Undergrad: 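The structure that follows is given in the form of structure tokens.
In the text below, chain A, chain B and the rest are named by the order of the sequence lines, each starting its count at 1. Since the model is a prediction, treat every value here as computed from it, not as a measurement.
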There are 2 protein chains.
Amino acid sequence: MEIQLTQTEENYLKSIYSLELSSSKNVSTTLLAKKMKTKASSVTDMIKKLADKDFVDYKKYRGVSLTKGGNTIAVKIVRKHRLWEVFLVNKLEYSWDEVHEIAEQLEHIKSDTLIDKLEEFLEFPTHDPHGDPIPDKEGNIEHHKNIMLSSVKVENSCKIIGVKDSSSEFLKYLDSKNIHLGSIVKVISKEVFDNSITIEINKQLLSISHQISKNLFVKIL
Amino acid sequence: MEIQLTQTEENYLKSIYSLELSSSKNVSTTLLAKKMKTKASSVTDMIKKLADKDFVDYKKYRGVSLTKGGNTIAVKIVRKHRLWEVFLVNKLEYSWDEVHEIAEQLEHIKSDTLIDKLEEFLEFPTHDPHGDPIPDKEGNIEHHKNIMLSSVKVENSCKIIGVKDSSSEFLKYLDSKNIHLGSIVKVISKEVFDNSITIEINKQLLSISHQISKNLFVKIL
DNA sequence: CATAATTATTAGATTAGTCTAAATTTTTAT
DNA sequence: ATAAAAATTTAGACTAATCTAATAATTATG
Ligand SMILES: [Mn+2]
Ligand SMILES: [Mn+2]
Ligand SMILES: [Mn+2]
Ligand SMILES: [Mn+2]
């Protein structure tokens, strides 16, 4: 007996979840409106509805935050989204820049069993094609340490473990430079004036802008 | 550049398609209302909208029929539904009585490439788990010959190739009697008063009601 | 701290899909 | 051929999600 939410409600919860992750303050109406590509007035209406259903805490003019129940639902949607992305890349041979839009739809499929069966079929992946962690059945999720390539010191080596920006453009850029999850990178030098860095990757030197390096999650080796 | 229909519109077109298959007359408002589990007045409204968009031909009080364009869309939905059902049964190990509801949702996922990639991943199945034919990419579909087990003469043998009723109850009944697609059946005798028949299957005799036998598609051997 | 700028909420419409109840048309049966 | 029954459409209302324009609250700034 699942609580039946509309796709729209689910999307709002997911957006609030992701905005909470990156700010720790209450989520503002305007920010949520931007994320949802809608108007602030629409957001206010929806927020009231979600508050009535106890998925968010809301006080007028003070933004929203997810309740325990709201968080649980948001994490479930994230889990579904990421598992479907793994399916699309690993089984259907999509590339990592093509799967997000389809997963946005698939994440709303309702079934008590489907996603667990899918997870098993995919052999319990821990991360999605963009390096984002996949919550388990109980909703536990291991968060990134959030070390960006831009903060790695000169002479240090690291492994690319995720992308912060999952836009198709960024991912295609990475493909073109042969940078992918698991790539080993050594920082050779850093320019002070624009924060661009020179890295060694695949035995070659490559110069990348700050814009790029600050969107790559790494693990220091 | 696909024409974007709502899920509801797609479901109406699919229902009209299936009702047209089983009657050859125009589809009446009442019949469509029953199929869609809605009211006749709602159907009238939707029919007008679909007629405006040229997916159906409609004259007041005279029922509807699909246009070429409407038919094309309906067949696409059927294709998606059936391929997803194959995925659920063959890859995720669902049984044939569990997949319909989930496929009802999955059939509405929009993507120009997804279903063709799925079809390839499934190795181009020709029939779904209930024996229904899967339209190809171009919308070509091979229809059943529609021979029912109930019409097979005594002493004749046949192979079960499909079910007309795909309800979970019926499918579970078949499972319990170990009747499945591909089963070879010989008609031993027929009762005149209730049309029940005795068949030989799996080297055993089994008596089945008319209700059952008229819902099984067969191929005479 | 007062006023301006920004942010958020409310008021009132709109669209899709649905419903009930009333009116109309078609079909069936005398 | 007419009246009764059944099917269908129309009228008017409701919910979910959205929008624009107007109002109100918060915050930033001189
Ligand atoms: Mn994604
Ligand atoms: Mn992802
Ligand atoms: Mn089905
Ligand atoms: Mn089927």
Side-chain angles (χ1 to χ4, degrees), chain A residues 2-16 19-20 23-66 70 73-74 77 104-105 107-108 110, chain B residues 2-16 19-20 23-66 70 73-74 77 104-105 107-108 110:
Chain A
E2 292 260 324
I3 314 112
Q4 283 293 24
L5 298 189
T6 65
Q7 292 200 183
T8 308
E9 289 171 324
E10 289 186 344
N11 283 334
Y12 270 93
L13 293 178
K14 188 165 61 113
S15 290
I16 296 167
L19 292 172
E20 275 188 340
S23 88
S24 81
K25 287 183 300 200
N26 273 6
V27 174
S28 74
T29 303
T30 320
L31 202 58
L32 192 45
K34 194 167 292 171
K35 183 97 177 176
M36 291 293 300
K37 292 177 199 226
T38 184
K39 303 290 163 169
S41 55
S42 306
V43 170
T44 303
D45 282 350
M46 178 55 81
I47 275 172
K48 285 178 184 169
K49 188 158 54 131
L50 293 173
D52 282 347
K53 297 185 178 183
D54 280 323
F55 295 126
V56 297
D57 289 319
Y58 169 57
K59 278 213 284 291
K60 264 196 199 179
Y61 295 99
R62 293 279 97 120
V64 279
S65 61
L66 292 176
I73 290 166
I77 310 287
E104 285 290 307
Q105 299 178 64
E107 71 189 9
H108 300 293
K110 262 99 176 165
Chain B
E2 293 261 322
I3 314 112
Q4 283 293 23
L5 297 188
T6 65
Q7 293 200 183
T8 308
E9 288 171 324
E10 289 185 345
N11 283 334
Y12 270 93
L13 292 178
K14 189 166 60 114
S15 290
I16 296 167
L19 291 171
E20 275 187 342
S23 88
S24 81
K25 287 182 302 202
N26 272 7
V27 174
S28 74
T29 303
T30 320
L31 202 58
L32 192 45
K34 194 166 293 171
K35 183 97 177 175
M36 290 294 299
K37 292 178 200 230
T38 185
K39 303 290 163 170
S41 54
S42 306
V43 169
T44 303
D45 283 349
M46 179 55 81
I47 275 173
K48 285 178 184 169
K49 188 159 53 131
L50 293 173
D52 281 347
K53 297 185 176 182
D54 280 323
F55 296 126
V56 298
D57 289 319
Y58 169 56
K59 277 213 285 292
K60 263 197 201 180
Y61 296 99
R62 293 277 99 121
V64 279
S65 60
L66 292 176
I73 289 166
I77 311 286
E104 285 290 307
Q105 298 179 65
E107 72 190 8
H108 300 294
K110 263 97 176 166

Undergrad: Would you check if the side chain of B:Lys110 reaches a backbone N or O of B:Leu5 as a donor-acceptor pair within less than 3.5 Å?
TA: yes
Undergrad: Quick one: A:Lys34 NZ to C:dT7 P, roughly how many Å, whole number?
TA: 8 Å
Undergrad: Is B:Lys39 close enough to D:dT9 that one of its side-chain N or O atoms is under 4.0 Å from OP1 or OP2 there?
TA: no
Undergrad: Among the candidates D:dT10, C:dT24, C:dC19, find the nucleotide nearest to the side-chain atoms of B:Lys60.
TA: D:dT10
Undergrad: Determine whether a donor-acceptor pair (one donor, one acceptor, N or O, separation below 3.5 Å) exists between the side chain of B:Ser41 and the base of C:dT20.
TA: yes
Undergrad: From D:dT10, C:dT18, D:dT18, pick the nucleotide closest to the side chain of A:Ser42?
TA: D:dT18
Undergrad: Give a yes/no answer on whether the side chain of B:Arg62 brings an N or O atom under 4.0 Å of OP1 or OP2 in C:dT27.
TA: yes
Undergrad: Is there a donor-acceptor contact under 3.5 Å from the side chain of B:Glu20 to the main chain of B:Leu66?
TA: yes
Undergrad: Can you find a pair of side-chain heavy atoms, one from A:Thr44 and one from A:Tyr58, that are under 4.5 Å apart?
TA: yes
Undergrad: B:Thr38 side chain: which of C:dT27, C:dT10, C:dC19 is closest?
TA: C:dC19
Undergrad: OH of A:Tyr61 versus P of D:dA24: gap in Å, rounded?
TA: 9 Å
Undergrad: From C-beta outward on A:Thr6, which listed nucleotide comes closest to its side chain: D:dC19, D:dT26, D:dA16?
TA: D:dA16
Undergrad: Side-chain contact, heavy-atom cut-off 4.5 Å: B:Val43 with B:Met46?
TA: no
Undergrad: Using whole Å, what does the distance between atom P of nucleotide D:dT10 and atom CE of B:Met46 come to?
TA: 16 Å
Undergrad: Could you tell me how far apart A:Asn11 (CG) and D:dA16 (C1') are, to the nearest whole angstrom?
TA: 14 Å
Undergrad: Of all the nucleotides listed (C:dT9, C:dC19, C:dT27), which has the minimum atom distance to the side chain of A:Thr44?
TA: C:dT9
Undergrad: Which sits closer to the 5' end of DNA chain D, B:Thr29 or A:Asp45, going by the nucleotide each is nearest to?
TA: B:Thr29
Undergrad: Nearest whole angstrom, please: distance from the C1' of C:dT7 to the CG of A:Leu32.
TA: 14 Å
Undergrad: Of the listed nucleotides (D:dT18, C:dT9, C:dT26), which one gets closest to any side-chain atom of A:Ala40?
TA: C:dT9
